[in-house]
Amino acid sequence: MPAAAPLTPAVPGPPAPASPAEPATATGRARRRDLAAGLGAVLFFLALAGLGGLLQRDHQVLQSPFPPLEAWWRPHTGPGTPFAITVAVLAVAYGPALAARLPWRAVPWAAWAAAMAWTWSLALVDGWQRGIAGQLTANGEYLTQLNRFDPLGPALRTYTDHILINSPEHWTTHIAGHPAGAVLTFVVLDRIGLGGGVAASVFVLTTATSTAAAVLVALWLLAGEERARAAAPFAALAPGAVWVGVSGDGYFAAVAAWGLALLALAATRTSRAATAAAGLAAGVLLGWACYLSYGLTLLAVPAAVVLLCARSARPLPYALAGVAAVAAAFTAAGFDWLQAYGLLHTRYYQGVGGRRPYSYWIFGDLATVVAAAGPAAMAGLRRSTAALPAGVRALRTGRDRAATAAVLLPYGFLLAMLAADLSGMSKAETERIWLPFTLWLPAAAAFLPRRDARWWLAAQVAAGLFLNHLLHTVW
């Protein structure tokens, strides 16, 4: 762990003011606005769900079973239910206090452990086979065509020959819809003796839940220890855990998050060697992320915000070298990213993506962000928006880098999702596809008053419990 901040146990101090833009005298009014933001976000989701139900009443015009989510309305319980409720109750009762009192080195590990417990228990609500073992072996998933990657070299060189739906032996949906790195991950697992749905799901769950730790490390480096501690329970218990366990995008989110955390590390080091090493590692992970999902090229936006918040471009050459090394390796192996993306664009419009109406999904996609990030994230984003003018002024003057980073960082992810939304290539399924971006948003709840943390955390876990028990999600 880098030593860029004090590592001694935090001593709880007086409650922090609501935000830099809202002094203590306005706390009552600000808290009412927080509540309005959280409730407004929930109502926005419900309105899009209601509109989706009306549009679907006579025809499947939206090409989704329960728009805006890819799910079915099926209230149910399962073996994970008592565990999920237990994790939720314990997290609300003890999470904020533990995050404030544990030695800092233990906080990211504790967040990872809490995220593991939360995600496993939610996944098991649907039972062992449907919730865990069978997720990545279902029709359209990565594991269904691993036999076609033996031998590996020819499969990579001819990868683009099988993307279009009218091509001979076309790839299944998820293999065709992602660059070769996604399926290659599961090919490697299979080759080292970790084949099958159980091993693949355990790998995804274990790596994906580390996203919470990566988010906290990045916040610690850029926004300071206090902000990272306040964010810890929210990062660990995001409602989006419903889709983290287990979809490949949860694993993609972890790769992206650690890439950005390493970029923040590189940007805050004073040693040239440390900057070079961390910057190169960040570039390799961010480059790998681009070969896991085409949409993760939009990580360039939050990456730029990370460097802006750190007020340093020193890691940029090393990070670009890391990205280039990954791209060169795949190109040498015969996989052409640009050609593959062009063919995917065609295949997207050959399938349901071409039939889904942009007019609904441009708003429906944003509703999935509310579902995955949760009401506390929306209330926290309201606070960070209120603090935005002060944050921009601090950025211009170079003062209070930590406060500036806390305010600006969420907007990198919001802008990336907005770009994806406007592109028309992300109509539906974004509760899963946008996990690399949405899993950063719950950390904005660190802006909320400390005395309200338990209530907002209760709202977060309630959202996750309701989503997973009222709906049968596809992922």
Side-chain angles (χ1 to χ4, degrees), residues 2-6 10 13 15-24 26 30 33-34 37 104 107 214-232 234-235 256-257 259-270 275 278-279 282 298-316 319 373 376-418 437 439-450:
S19 78
E22 293 171 321
R33 289 173 179 169
D34 295 340
W104 166 250
V107 173
V215 169
L216 297 184
V217 170
L219 275 178
W220 171 58
L221 290 164
L222 296 171
E225 184 178 318
E226 183 180 357
R227 190 75 66 180
R229 287 178 178 276
F234 297 95
L260 292 172
L262 282 168
L263 187 65
L265 176 63
T268 53
R269 299 305 89 189
T270 55
T275 296
L298 290 170
L299 286 170
V301 180
V305 174
V306 165
L307 296 178
L308 182 66
C309 291
R311 301 181 65 84
S312 173
R314 290 182 300 114
L316 192 56
M378 301 301 113
L381 286 171
R382 186 207 73 77
R383 293 256 178 174
S384 64
T385 300
L388 188 59
V392 172
R393 285 195 298 272
L395 179 68
R396 285 204 307 265
T397 60
R399 292 182 296 179
D400 202 353
R401 187 183 76 183
T404 301
V407 170
L408 295 184
L409 196 57
Y411 290 94
F413 300 97
L414 290 171
L415 287 172
M417 287 187 285
L418 182 61
F437 308 110
L439 290 180
W440 288 76
L441 299 185
F447 273 95
L448 299 170
R450 193 175 302 169

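Note: W440 and F413 have parallel aromatic rings, judged against thresholds of 30 and 60 degrees for the angle between ring planes.
Considering only heavy atoms from C-beta on, W104 comes within 4.5 Å of L216 through its side chain. Side chains of P442 and V215 form no contact here, defined as non-hydrogen atoms less than 4.5 Å apart. Taking 4.5 Å as the limit, some side-chain heavy atom of L408 sits within range of a side-chain heavy atom of L388.
Proximity of a side-chain donor or acceptor of R314 to a complementary backbone N or O of G279 within less than 3.5 Å is not detected. Judged purely by atom type and a 3.5 angstrom limit, R382 has no side-chain atom pairing as donor or acceptor with the backbone of M378.
The two residues T275 and A266 have their closest heavy-atom pair at OG1-O, 3.3 Å. Between F447 and S384 the shortest heavy-atom distance is CE1-CB, 3.7 Å. Contact detail for A377 and A444: the closest heavy-atom pair is O-CB, 4.2 Å. Scanning both residues, A218 and A261, for their nearest heavy atoms gives CB-CA, 4.1 Å. When all heavy atoms of A443 and A231 are compared, the pair lying nearest together is O-CB, 3.7 Å. Among all heavy-atom pairs drawn from D34 and A379, the shortest one is O-CB, 3.6 Å.
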Per-pair distances, 0.1 Å, donor-acceptor, side chain in residues 301-308, under 3.5 Å, sequence neighbours excluded:
none

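Taking the side chain to side chain contact (heavy atoms under 4.5 Å, CB included) definition, one finds that A223 meets it with L219, R227, A405, A406, sequence neighbours left out. Shown here are the side chain to side chain contact (heavy atoms under 4.5 Å, CB included) partners of L414, two or more places apart in sequence or in another chain: L381, Y411, M417, L441.
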- Task: Check the pair T404 / R396 against side chain to side chain contact (heavy atoms under 4.5 Å, CB included), numbers first and verdict last.
- Result: CA-CA 10 Å; T404 301; R396 285 204 307 265; over 6 Å; no
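Atom CZ in R450 sits 10.5 Å away from atom CZ in R229 (nearest 0.5 Å).
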